[in-house]
Amino acid sequence: MGQLRPSGSAHAPPLGRASRWLRHDARFDLSASLVVFLVAIPLSVGIAAASGAPVMAGLIAAVVGGIVAGSLGGSPLQVSGPAAGLTVVVAELVSQFGWAVTCAITVLAGVLQLVLGACRIGRAALAISPTVVHAMLAGIGVTIVLGQLHVLTGGAAEASAWENVRDLPAAVVGLNPAAAALGLLVIGMLALWPRMPAKLRGVPGPLVAIVLVTGASLLLALDVDRVALPDDPLSAIHLPELPDGQWFAFAVGVATMTIIASVESLLSAVSVDKLATGHRSDLNRELVGQGSANVVSGLLGGLPVTGVIVRSSTNVRAGARTRASAILHGIWVLLFTVLLVGLVEQVPLAALAGLLIVMGVKLVRLADMAVARKHSDLHVYLVTLAGVVLLDLLQGVLLGLAVSLLGMLRRVVWARVRVRTGDDTDEDGRPRCAVIVEGTLSFLSVPRLSRVLTQVPDGSAVQLELVVDYLDHAAYEHLSAWQRQHEGTGGTVAVDEIGAMPRQRSGLPRWFSPWSHWQDTEHEERPLIPVPRSQHDHVLRPLVTGAQEYQRTGAPALRPHLRKLAGSQQPHAVFLTCADSRIVPNVITASGPGDLFTIRNVGNLVPDPGPVGDQSVHAGVLYAVRALQVPTLVVCGHSRCGGMAALLADRRTMPENDPMGQWLRWGEPSLEALRAGHPIAEHAAEAGWSEVDQLAMVNVAVQLEKLRAIPEVAASDIRLVGLFFDIPSGALLMLDNDRLAPLADTALTG
């Protein structure tokens, strides 16, 4: 994978930057640029042919995209050029306005991109739903495939996808066998290329397929249509023209090209950031670079330019380090266009059709559909795809955005309300009934809420479960009025606000709700007060309500991870800590199921083994070392520890057979170390820690030494780590030599 190298200070002399590039990066960028050049040639020619534009327009766009966008863009490793994503748009514009006017549209689209980049709204394009973008590309892929199937049979693509589908049977009946064979051969080679040996895969598959099939067609003297170029390549360069009329359609074309070219370029830049370590794109500058390239390409008679993920990913994987690779690839395309363009005229159109069919199929990704389905956006995907194929690209995208927006609004303002009744009764003989409200409960949901609440039998014992993230005033008033009305019929209403954090606790993380929340209702501003049916129910309420919230929100999220852990466990650490309820190992280490093998007791102590000792801690440690081969063993103490306070108060004052006193004898070595002036205690005293906390810190070090003395631990390469959790501040400290330091200041070695 390529690594981005800094280009040096903006004030460094040009000769210095060039010298540094030649020493460090030139060989990597040069080889990568040649690989990208070999990929770009067949793709540029094929996209131009599919767009209905002059074939030279694709090569011009590749040159300009490499040199201009590569020099000015904000994503140094991105490679720009003609893209399949704009094929349908360009084909429609060429059909409606002609090529010269399409070039003018490209120029104006570039100007708009320059304005957008100057206004620094590059990241705004990322607000477009990925589902819509993926469906747009899939629709383009389907359209390309439908059109190129006609070319593969020896004919010509129709103006619309519907016409291509309608006339496909006739095209198959009248196919040119030679053309079809060449196209199918290209498709077969590209399908098999990823399975070839690694050394062969180093050569771009599209280049190999086109060269071999072209050579075969020449050797066999096959009568097939081939690429047509002007005698003078420079004659393809001409100024764009404005239309004689249809100004509204012209403006729509400019807007469509601007939006699609910008979105595709920015999304490609974001993808490059994920591929290249240390790479970060300036999206506003990237818009400026793409706009400049489109202005130049349109003026020279080239196709529109966008950032292209196929060429960009090839560039990264080939080892490119700076923007010089993209620029050099444009220079190689320029030299090819001037010196060797005659070779392009030998390429059969059916071979390019096979290449484009493969590209089109790759744009339809089943993984994108699966993601859309996972996020309940499959309908958005299908509507957008159908709109792009059956209408046109702009209308399809707008239709997808509209459906996506409506879905978002529905999720925001819609609440799910249902009633669940049973045959059981409470202790007073009232029939039990549950009303579950999920989502956002606003005034828009009040009519449906009212309709559902009418299904609740009068005089019943109702459990109202509010699994909501927002409750507006109208819904609150309606629920309050209904509660009073229902209680007036002799019924009861117990309200559980499951999943909603109380206002005074709104700063807590959303991923857990303290059980005290389920009981602390005396400060609530709402009159929806839970009514416990009995003292027994009141005691169990936190447990039951918390378990209900877990079943609704936690279990679905954890289930895929737990399935992976069902067969075995491979924890990263043994975590020996105190039984204190304020210490939650998985919370303070941001870990999850399967990460920690936890052992807890009062004071996080390690008893001596043997007949008079406690075997439970040793059994847990030995199982983790022998069976689980855990690489780390952690002892975690904490501030204000009750066990340490009892040690300081002298456990011997406790009754002789008191279990607490018997247990705390294993902490006496820590107390002796404190009184002997342990270095950790001295540092803690200087820092202002209390005597109880000093003892807790010393205790961590002493228990680590006791663990280190276990033969199985000593014989292994397990790492021992000491931690200390300060409850009031939430700070986690690590034992570093003879002191405890914040984790951020501790060197993680070994």
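Just so it is clear, the values below take in all heavy atoms, side chains as well, and ignore hydrogens, waters and symmetry mates. The first residue of the sequence shown is numbered 1, and numbering continues consecutively from there.
- Under the 3.5 Å distance criterion, the side-chain polar atoms of Ser265 are matched with a main-chain donor or acceptor of Gly307.
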Practice task
Go through the steps for Trp99 and Val90 under the test side-chain contact (heavy atoms from CB on, under 4.5 Å), then give the verdict.
Solution key: CA-CA 9 Å; Trp99 177 240; Val90 174; 4.3 Å; yes
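- Side-chain contact, Ser80 with Gln290: a donor N or O sits under 3.5 Å from an acceptor N or O.
- Shown here for Val347 and Thr214, the closest heavy-atom pair between the two residues is CA-OG1, 3.7 Å.
- Looking at heavy atoms from C-beta onward, Thr384 lies out of side-chain contact with Thr131 at the 4.5 angstrom threshold.
- Rounding to the nearest 0.5 angstrom, the gap separating the CG atom in Leu405 from the CG atom in Leu401 is 8.5 Å.
- The backbone N or O of Gly592 sits less than 3.5 Å from a side-chain atom of Asp595, completing a donor-acceptor pair.
- Looking only at side-chain heavy atoms (C-beta outward), Thr258 and Leu116 come within less than 4.5 Å of each other.
- Under a 3.5 Å cut-off, the side chain of Gln148 and the backbone N or O of Leu356 do not form any donor-acceptor pair.
- Side-chain contact check for Val213 versus Met189: some heavy-atom pair is nearer than 4.5 Å.
- Annotation: Gln395, atom CD; neighbour count of heavy atoms from other residues, nucleotides and ligands within 6.0 Å is above 12.
- A 4.5 Å side-chain heavy-atom check between Val79 and Val308 finds every atom pair outside the cut-off.
- The backbone N or O of Gly73 lies less than 3.5 Å from a partner atom in the side chain of Arg323, making a donor-acceptor pair.
- Between Asp368 and Arg365 there is a salt bridge, since at least one side-chain N of the basic residue sits less than 4.0 Å from a carboxylate O of the acidic one.
- Ser297 places a side-chain N or O within donor-acceptor distance of the main-chain N or O of Leu303, the cut-off being under 3.5 Å.
- Two residues are said to be in side-chain contact when any heavy atoms from C-beta on lie closer than 4.5 Å; Ser51 and Ile47 meet this criterion.
- Remark: Trp332 pairs with Ser33 by the side-chain hydrogen bond (donor to acceptor under 3.5 Å, both in side chains) rule, at least two apart or across chains.
- Residue Val389 comes nearest to Ala161 through the heavy atom pair O-CB, 3.3 Å, listed as atom of the first residue, atom of the second, then distance.
- Residues Val208 and Leu212 form a side-chain contact, since some pair of their non-hydrogen atoms from C-beta on lies under 4.5 Å apart.
- Separating the CD1 atom in Ile187 from the CG atom in Leu152 is a distance of 5.5 Å, to the nearest 0.5 Å.
- Considering every non-hydrogen atom in both Asn294 and Gly110, the closest pair reads CB-CA, 3.7 Å.
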Practice task
Let me see the working for Met257 and Thr106 under side-chain contact (heavy atoms from CB on, under 4.5 Å), right down to the final yes or no.
Solution key: CA-CA 7 Å; Met257 187 176 293; Thr106 301; 3.6 Å; yes
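- Taking all atoms of both residues into account, the shortest heavy-atom contact from Ile357 to Val145 is O-CG2, 3.7 Å.
- Annotation: side chain of Leu349 is not in contact with side chain of Val224 (no heavy-atom distance under 4.5 Å).
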Practice task
May I have the step-by-step check of side-chain contact (heavy atoms from CB on, under 4.5 Å) for Leu328 and Phe37, ending in yes or no?
Solution key: CA-CA 9 Å; Leu328 286 171; Phe37 155 71; over 6 Å; no
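- Thr322 and Asp29 share a donor-acceptor pair across their side chains, judged by distance under 3.5 Å alone.
- A side-chain donor from one of Ser325 and Asn315 sits under 3.5 Å from a side-chain acceptor of the other.
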Practice task
Could you check Val111 against Val295 for side-chain contact (heavy atoms from CB on, under 4.5 Å), going step by step and ending with a plain yes or no?
Solution key: CA-CA 7 Å; Val111 172; Val295 170; 4.0 Å; yes
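- Remark: side-chain polar atoms of Ser95 are not paired, donor with acceptor, to backbone N or O of Ala91 under 3.5 angstrom.
- Considering every non-hydrogen atom in both Leu114 and Ser292, the closest pair reads CD2-OG, 3.4 Å.
- The shortest distance between side-chain heavy atoms of Leu242 and Val101 does not fall below 4.5 Å.
- The distance from atom OH of Tyr381 to atom CE of Met369, rounded to the nearest 0.5 Å, is 4.0 Å.
- With rounding to the nearest 0.5 Å, the separation of CG in Leu59 from OG1 in Thr337 is 4.0 Å.
- In the model, Ser217 has a side-chain atom that pairs as donor or acceptor with a side-chain atom of Arg226 under 3.5 Å.
- From Leu93, atom CG reaches atom CG of Leu86 across 9.5 Å, with rounding to the nearest 0.5 Å.
- A donor-acceptor pair is defined here as one N or O able to donate and one able to accept, closer than 3.5 Å; such a pair exists between the side chain of Asp282 and the backbone of Arg285.
- If you take CD on Glu92 and OG1 on Thr256, they are separated by 9.0 Å, rounding to the nearest 0.5 Å.
- Between Ser262 and Gln113, the side chains place a donor N or O and an acceptor N or O closer than 3.5 Å (distance only, hydrogens not considered).
- With hydrogens and angles left out, the side-chain atoms of Ser268 and Gln78 include a donor and acceptor closer than 3.5 Å.
- Minimum interatomic distance between Ala104 and Pro240 (heavy atoms only, all atoms of both residues): N-CB, 3.3 Å.
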